[in-house]
Amino acid sequence: MSKLYTYSLLLGLYLTNSGSGLATDLSQLSLEELMQQEVTGASKYAQKAIDAPADVTVVTADDIRRYGWLNLADALRSVRSFYLTNDRTYQYIGLRGFSPPGDLNNRILFMIDGERVNDSFYDGVMMGETFPLDIGLVDRIEIVRGPGSAIYGGNAMFGVINVITRSGRDMDGTELAAGAASHHTYDGRVSTGRAFSNVEWLLSASKGNSGGGNYQFNDIAPGAWTSSQTDAENWQRLFGKLSVSDWHASLNYGFRQKYVPTGSYGSIFNDPNHHEDDTFFLADISGLHRINEKQELYIRAYSGHYHYLGQYPTDNTNAALSNGLSDGRPYVLGDVNVTGNWQGAEGRWTSSAWSGQHWVTGLEYIRNQNYYDYTENPLLPVNSWSVQGAAERLGLYIQDEISLTQKNTLTIGIRHDRSTGFESRLSPRLAFVRQADSATTYKILYGTAFRNPDFFDNLDTRANNDLESEQIKTLEGLWQHSYGANMTLIVDLFENHVTSLIQQDALGFTVNSPLLTARGAELEWEARFKNNARTRLSYSLQTTSQRGMTPDNSPVQMFKANISLPLIPSWTAGLEEQAMSSRKSDSGTNRVGSYAVSNLTIGFRSPNGDWLLTGSINNLFNRIYLDPVQVDASIQSYYGITRSTLAQDGRLFRMKLETHF
Amino acid sequence: MSVNKPLLGWVFLGWLFAAGSLSSPAFADEATIEAAFIFNIIKYTNWPETSLLSDHHLLLCYVGADSPLGDAIDELHGKRINTFIIDVRKTTRLSNLGACHVAILGKDVEFDAFRKAQSPFALTVGEGVNFVNQGGGVGLYRLDDRIRFDVNLDSTKAKGLKISANLLRLARNVQGNQ
């Protein structure tokens with residue numbers, strides 16, 4: 001059972017041996033030697049983040065409780081560089097000024113316990129309740145900015161997000177959680193986990209539903225309010241894992257159904273039958289073999305499944321809406337079914353047998369089968385469309401972390417990828433980390449990453465040109481300085497060059513876009529005080545440019561503040577502030593204003609720790625703000641209206657009760 | 001695609017510089033050193049026969065919210081010491097401490113509640129100079145740039161624990177009688 005943390009691949013690979021080595025070395029020291037050991041530096045995760053050949057942030061379960069976050073999207077909103085956009089169907093992640101409307105979160109690699117969760121069809125993972133893991137099961141979230149293709153292959157263009165689940169050992173019993181929130185939202189979770197000698201397991205089920213809110217869409221229905229039914233949401237999740245000695249298996253299932261109030265894709269306004277459902281399933285088995293003290297072999301096999309069902313009620317009396325097939329029927333329920341299946345296997349060998357070096361070599365194979373099935377009208381077979389395809393990908397990577405001197409570390413990595421139908425790719429990476437003294441660290445990072453057009457990109461046969469892979473090159477410099485034991489300042493400068501970006505052009509065709517560049521500076525200050533109070537403040541400034549102008553949904557400035565204070569014993573307060581400058585939409589012709597939103601969470605933990613109660617108010621001052629969204633071509637042709645922004649939620653209340661026995 | 005030529009140059013340069021081995025860690029934080037102390041303290045402690053588990057696991061429990069010490073304790077999981085295999089349990093709940101051999105108190109947990117909840121044979125470990133004065137077993141704290149510890153023998157004796165003289169010799173303060 002020892003070292004199951006190894007499946008925390010991100011810390012295992014990216015952050016390599018640097019931090020974990022410390023405790024190992026120290027515990028070998030005698031008491032007399034320990035008495036002489038001087039105290040310097042930062043804590044383990046902070047230390048790992050400092051030593052890592054990347055710009056890393058770790059969000060912990062404790063942070064999740066302090067700020068009452070309901071899902072991964074809530075957590076990421078608080079992190080430097082990140083922002084989210086909501087179109088009331090899904091939530092989309094933006095990172096360092098990059099979040100083009102219509103982007104499907106497929107340029108970030110998402111992992112659960114080091115296991116890829118991007119589906120094979122859209123190549124992405126939707127945020128909010130669509131993410132297949134319950135936030136109550138999160139131990140920590142490891143966020144790595146910048147290209148990660150040198151180890152992880154495709155998708156890892158802008159960053160890698162690895163969600164590490166809690167261990168059965170730490171849960172040690174049964175946990176119940178229940179929540180209630182605005183819009184008649186209720187959810188519950190039951191989890192149980194234990195460890196006995198070399199066996200450890202965790203099992204969890206959760207379920208939730210939301211009655212939905214009432215909104216106005218004055219562009220397509222002036223003055224009218226939608227019924228709450230059209231915004232309803234249902235979700236359920238199962239998660240299980242079992243470890244026996246160095247063998248590990250896990251199961252992950254998630255389903256989320258969202259009713260859509262926006263009339264997107266030209267669906268009939270205020271019709272309660274427009275919903276979009278996502279089902280996700282992933283199973284894996286892995287084993288770790290310790291060859292000797294300094295070498296390990298890790299193997300894993302997995303199988304995943306993704307299904308999307310969209311139902312769109314449309315009015316076929318209007319030719320513009322029904323693809324020119326105006327058959328006169330006023331009500332047609334069209335279906336889109338999307339299926340992605342993937343299976344893969346990987347092996348990895350790590351070695352620190354040569355002194356001063358840490359090697360990682362791996363081989364990864366994945367194959368997928370994708371199906372797209374569109375039935376606009378079940379009675380007219382001519383108006384249905386089915387496509388399917390299969391692809392394979394093989395990746396080989398090697399990385400060496402070399403301790404040049406005690407203070408300087410050089411990391412060199414390269415990965416070769418071969419994929420069906422595409423040129424093979426080489427993704428190199430180079431990182432230099434200098435720990436100048438116990439308080440100051442410098443990093444110079446260069447990385448590249450790519451993404452092949454996914455099945456969905458290639459569906460657009462109208463484009464009739466072969467899409468190329470897109471590629472990013474990033475150069476980044478980071479300076480981190482600790483003031484005393486409890487205060488840290490980070491300054492980061494970055495430059496991104498994205499070539500052949502796969503996007504829809506103004507006519508709706510999927511094409512390779514011209515060069516996109518981004519330059520930015522980020523500042524972060526974190527402090528932990530003796531009384532358990534914590535603060536994290538960050539400011540980001542970035543200029544992004546494509547075709548000589550700032551692209552849509554790309555803020556120039558962002559500011560975030562997270563402040564957590566102990567109140568009276570057992571009570572804490574968590575305050576969040578998130579502000580963003582204005583953003584463009586509709587190819588730069590429209591604009592949403594800047595905004596600042598505050599969230600407040602009050603938490604109570606019973607003295608014996610068995611009960612936990614949190615209450616949150618989101619958007620405390622009920623600020624009205626908009627997000628840019630993709631221009632909806634159907635709404636455009638039906639109503640003659642260009643919708644490129646959507647209003648976001650006002651003040652919302654949430655409560656959560658957790659108990660353990 | 002082809003490899004950038006300059007990159008190959010860098011790789012080669014890296015190789016040229018790849019030299020030297022690292023012996024002891026250049027920088028070690030307080031929590032990591034404290035965790036190493038706890039590991040050593042286990043070496044010098046004997047638990048009552050009745051408390052020992054047949055699978056040789058020694059339960060090392062940390063109670064409290066995430067903290068640097070909690071993180072550092074994680075690294076001890078699975079390590080072998082004397083005849084034991086260390087089994088780290090982290091919890092925020094005092095009711096989970098029943099079978100622990102070592103109970104480490106996080107800074108956010110109230111001492112009184114902790115004292116009432118701990119197991120009958122747990123060696124209690126906490127941070128700060130006042131920990132042993134309040135009745136805790138071993139208190140770790142920072143003095144200048146080193147970690148020091150105090151032992152409260154009245155507390156450890158009440159649990160049936162035997163602390164080796166080799167450990168007591170290095171303690172800064174020892175309260176109570178052997």
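Not measured: the values here are computed from a predicted model. Numbers restart at 1 for each chain; the letters A, B, ... are given by sequence-line order, proteins then strands.
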Problem - Glu110(B) and Ser570(A), any side-chain heavy atoms less than 4.5 Å apart - result: yes

Fill in the blank from the handout: Output for pair (Arg93(B) CZ, Phe661(A) CZ), nearest 0.5 Å, gives 11.0 Å

Problem - Contacting region of Arg169(B) [heavy-atom separation from chain A under 4.5 Å] - result: side chain

Handout entry: chain A contact via Phe114(B) - side chain, backbone, both or neither, heavy atoms under 4.5 Å
Key = neither

Problem - Atom NZ of Lys107(B): over 12 foreign heavy atoms under 6.0 Å - result: no

Problem - Segment of Arg66(A) engaging chain B (4.5 angstrom heavy-atom cut-off) - result: neither

Practice task
Kindly check if the number of other-residue, nucleotide or ligand heavy atoms within 6.0 Å of NZ (Lys294(A)) is above 12?
Solution key: no

Practice task
Would you confirm whether Arg148(B), through its side chain, and Met35(A), through its main-chain N or O, come within 3.5 Å as a donor-acceptor pair?
Solution key: yes

Fill in the blank from the handout: Interatomic distance, NZ@Lys90(B) vs CG@Asp139(A), rounded to 0.5 Å, equals 6.5 Å

Handout entry: Proximity breakdown for Asp610(A) and chain B, heavy-atom pairs closer than 4.5 Å
Key = both

Practice task
Starting at CE of Met171(A), measure out to OG1 of Thr91(B) and round the result to the nearest 0.5 Å.
Solution key: 10.0 Å

Handout entry: Distance (rounded to the nearest 0.5 Å) between Thr92(B) OG1 and Leu612(A) CG
Key = 7.0 Å

Exercise for the section: Using non-hydrogen atoms and a 4.5 Å limit, figure out which bit of Phe149(B) sits close to chain A: side chain, backbone, both or neither. Expected result: side chain

Completion exercise
Closest non-hydrogen atoms of Leu170(B) and Leu31(A), given as atom of the first, atom of the second and distance, are CD1-CB, 3.6 Å

Exercise for the section: Compare every heavy atom of Asp55(B) with every heavy atom of Ser197(A), then report the nearest pair and how far apart it is. Expected result: CB-OD2, 3.0 Å

Handout entry: Validation row: Arg169(A), Val88(B) side chains within 4.5 angstrom (heavy atoms)
Key = yes

Practice task
Specify which of Ile85(B), Leu94(B), Val63(B) makes the most heavy-atom pairs with chain A at under 4.5 Å.
Solution key: Leu94(B)

Practice task
Using a strict cut-off of less than 4.0 Å between a Lys/Arg side-chain nitrogen and an Asp/Glu carboxylate oxygen, indicate whether Asp172(A) and Arg89(B) qualify as a salt bridge.
Solution key: yes

Handout entry: Inter-residue atom distance Ile38(B).CD1 - Leu34(A).CG, 0.5 Å rounding
Key = 11.0 Å

Problem - Under 4.5 Å from a heavy atom of chain B, the part of Glu32(A) involved - result: both

Problem - Part of Ala113(B) lying under 4.5 Å from any heavy atom of chain A - result: side chain

Handout entry: Under 4.5 Å from any heavy atom of chain B - which part of Ser606(A)
Key = neither

Problem - Other residues, nucleotides, ligands: >12 heavy atoms within 6.0 Å of Arg146(B) CZ - result: yes

